[in-house]
Number of protein chains: 2
Amino acid sequence: MELLLAVARLGSLGRAARELGITQPAASSRVRAMEQQLGVRLVTRSPSGSRLTDAGSLVTDWARRVVEAAEEFDAGARALRARRDSRLRVAASMTIAEYLLPGWLIALHGQLPGTAVSLLAGNSAAVARRLRDGEADLGFVEGVDVPGGLDAVTVAHDRLVVVVAPGHPWARRRTPVPARELAATPLILREEGSGTRQVVDAALAEYGGLAAPLLELSSTTAVKSAVSSGVGPTVLSQLAVADELAARRMVEVPVEGVRLARELRAVWPQGQRPTGPSRNLLSLTARD
Amino acid sequence: MELLLAVARLGSLGRAARELGITQPAASSRVRAMEQQLGVRLVTRSPSGSRLTDAGSLVTDWARRVVEAAEEFDAGARALRARRDSRLRVAASMTIAEYLLPGWLIALHGQLPGTAVSLLAGNSAAVARRLRDGEADLGFVEGVDVPGGLDAVTVAHDRLVVVVAPGHPWARRRTPVPARELAATPLILREEGSGTRQVVDAALAEYGGLAAPLLELSSTTAVKSAVSSGVGPTVLSQLAVADELAARRMVEVPVEGVRLARELRAVWPQGQRPTGPSRNLLSLTARD
DNA sequence: ATGAGGGCATAAGCTGGGGTTATGAGCAGC
DNA sequence: GCTGCTCATAACCCCAGCTTATGCCCTCAT
């Protein structure tokens with residue numbers, strides 16, 4: 001797939017091969033193999049180079065999504081690996097580590113290639129402790145308030161959104177669901193202790209908190225698939241459902257009378273303004 | 001990665017191995033190899049099964065995104081391959097083929113496993129011709145009007161959105177950009193002939209149409225990367241920038257006084273209501 | 001308490017996918 | 001017409017990753 005992207009970008013099998021560190025015949029045979037599997041010509045070869053066919057650009061676009069996901073995986077993996085002797089030690093809470101950090105690491109690598117970054121993932125308290133103990137240089141936390149002893153800057157606003165399957169009655173609502181009704185409705189939820197669930201519960205406190213859950217599941221994935229199959233509504237981070245919303249596999253339900261938001265913040269020990277690589281990473285993220 | 005997901009789901013290396021059609025030692029060694037590369041334990045083994053560690057679930061979450069992208073790739077690829085002798089022949093325009101169809105095909109496969117689906121991608125005119133010639137059973141087109149001789153149902157509304165890099169002045173605007181100002185601003189655009197560009201140009205016709213482009217590029221990817229690096233604003237399908245918006249790598253700019261929307265429609269020859277697999281696919285998509 | 005069964009690890013051996021080098025043919029442009 | 005780029009084909013080679021076979025450990029039911 002990377003090869004396909006490289007061919008699209010460079011306009012020649014040989015050049016693409018060189019970029020990937022393989023030889024031209026290897027590239028040629030890979031592309032041929034893929035064409036054979038698909039039964040479709042992907043590139044038009046000519047003595048002056050190769051261009052994608054229509055089918056080829058469609059396949060390449062699909063491939064691009066895979067490659068991008070793989071690059072994020074890789075960036076994250078590298079950071080997990082580089083435990084010791086890394087120049088930048090980052091501690092991050094789960095949502096950020098999962099959805100945002102890989103992208104930031106890729107961007108950072110663009111600015112400072114060769115900088116070893118290490119990642120520790122944990123909850124906000126753990127992140128704060130690491131920073132205070134000098135075990136991390138920069139932290140990222142999600143939540144309503146900043147842990148004590150740390151300076152912070154907001155890098156993003158994470159909205160929690162109420163989502164349902166497209167067939168669910170709420171999907172057709174034009175008027176927002178009142179907070180009271182949301183509080184009274186049994187939802188599909190993560191198990192007690194999940195950060196998202198706590199935020200929702202707190203936000204709905206004045207309406208009596210969350211109703212008894214319709215279903216309690218142990219992973220975000222499980223929640224999503226239950227929602228998709230129409231079991232009921234849930235509340236999830238906008239980051240977790242962006243894809244589903246874009247493709248209308250799920251529908252966002254507007255809610256009234258409650259702020260389901262939480263700040264995503266970069267944090268560091270009080271007074272110690274980030275310098276060096278921390279500063280670079282921060283400048284990639286701080287945007288508001 | 002699939003193995004990791006299977007382990008997470010099934011709670012045992014052996015069971016996961018069986019699901020993937022490999023033997024238990026193979027699974028064991030794969031996981032071990034990955035752990036070695038990352039320098040982190042991913043699963044805690046016990047005589048009663050295996051569970052993911054914290055790092056393991058983080059890695060698994062990253063992996064899930066890769067696997068999902070790969071599954072969409074695969075679904076699309078299979079449809080390209082199954083040219084002849086397929087029970088359902090779909091013709092779709094590019095945006096739909098690229099972003100939505102793979103997901104639909106996966107869902108359809110869930111309902112009707114073993115149904116061979118073939119895909120022809122082209123512009124709206126080509127889709128219409130295929131349907132009229134009986135070369136396709138169901139079509140999907142994007143655009144403002146329905147090609148003649150076809151019945152249609154809207155399956156989604158594709159908003160075109162104005163996006164800029166987070167550092168761009170427009171990213172901080174609180175007030176919408178007036179249509180007149182948008183029309184007067186040089187944008188980064190695809191080359192003449194792109195569907196998106198035509199829609200924008202038409203929508204801004206009453207304000208004199210688009211200004212001379214700031215930059216003309218040949219692929220959506222190229223446009224996106226130019227925007228990200230702050231060159232200027234562009235207009236793209238919401239589907240193309242959902243990820244970037246969610247991660248705030250780009251920012252949507254509200255616009256006033258112009259409807260930048262187009263319908264995504266399923267179409268079929270007039271009077272011939274879809275039946276069989278077409279009907280299944282349609283019911284997966286028709287949602288408004 | 002004791003066997004049966006499921007879980008995982010280790011070891012040895014084989015296979016083929018995917019690479020390499022070497023070479024040739026076609027076309028563009030100085 | 002030569003030079004330099006393109007891509008294709010052929011012959012060879014290697015090792016990553018599988019399988020089979022085995023053993024140990026723990027749990028649970030008899």
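Letters A, B, ... are given to chains in the order of the sequence lines, protein chains preceding strands, and every chain is numbered from 1. The model shown is predicted, which means the values in this text are computed figures rather than measured ones.
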Would you be so kind as to tabulate the donor-acceptor pairs closer than 3.5 Å made by side chains of residues 106-117 of chain A, with sequence neighbours excluded?
unit_1, atom_1, unit_2, atom_2, d
A:Gln111, OE1, A:Asn280, ND2, 2.9
A:Thr115, OG1, A:Leu112, O, 2.9

| message | For the backbone of A:Gly76 and the side chain of B:Trp62, can you confirm whether one donor and one acceptor N or O come within less than 3.5 Å of each other? | response | no
All N/O contacts under 3.5 Å from nucleotides 20-28 of chain C to the protein, with atom names and distances to one decimal?
unit_1, atom_1, unit_2, atom_2, d
C:dT20, OP2, A:Thr23, N, 3.0
C:dT20, OP2, A:Thr23, OG1, 2.6

| request: Check whether any side-chain N or O of B:Arg32 sits under 4.0 Å from OP1 or OP2 of C:dA9, and answer yes or no. | output: yes
| Covered region of DNA chain D, 5' end to 3' end, by chain A [heavy atoms, under 4.0 Å] | D:dT6 to D:dT9
| task | Could you list by number each residue of residues 1-19 of chain B showing a heavy-atom separation from DNA chain D of less than 4.0 Å, or answer none if no residue does? | result | none
| Between A:Thr44 and A:Arg51, is there a donor-acceptor pair closer than 3.5 Å when you use the side chain of the first and the backbone of the second? | yes
| query | Between atom CG of B:Leu119 and atom CZ of B:Arg81, what is the distance when rounded to the nearest 0.5 Å? | reply | 12.5 Å
| query | Taking the side chain as C-beta and beyond, is there a heavy-atom pair between B:Thr196 and B:Arg190 under 4.5 Å? | reply | no
| query | Between A:Val7 and A:Val43, is any pair of side-chain heavy atoms under 4.5 Å apart? | reply | yes
| Minimum side-chain heavy-atom gap A:Leu215-A:Val231 below 4.5 Å | yes
| request: Please list, by residue number, the residues of residues 52-60 of chain A whose heavy atoms come closer than 4.0 Å to an atom of DNA chain C; answer none if no residue qualifies. | output: none
| request: Indicate, with yes or no, if the rings of A:Phe140 and A:Trp104 have centres closer together than 6.0 Å. | output: yes
Hey, can you pull the donor-acceptor pairs under 3.5 Å for the side chains in residues 68-75 of chain A, sequence neighbours left out?
unit_1, atom_1, unit_2, atom_2, d
A:Asp74, OD2, A:Arg78, NH1, 3.3

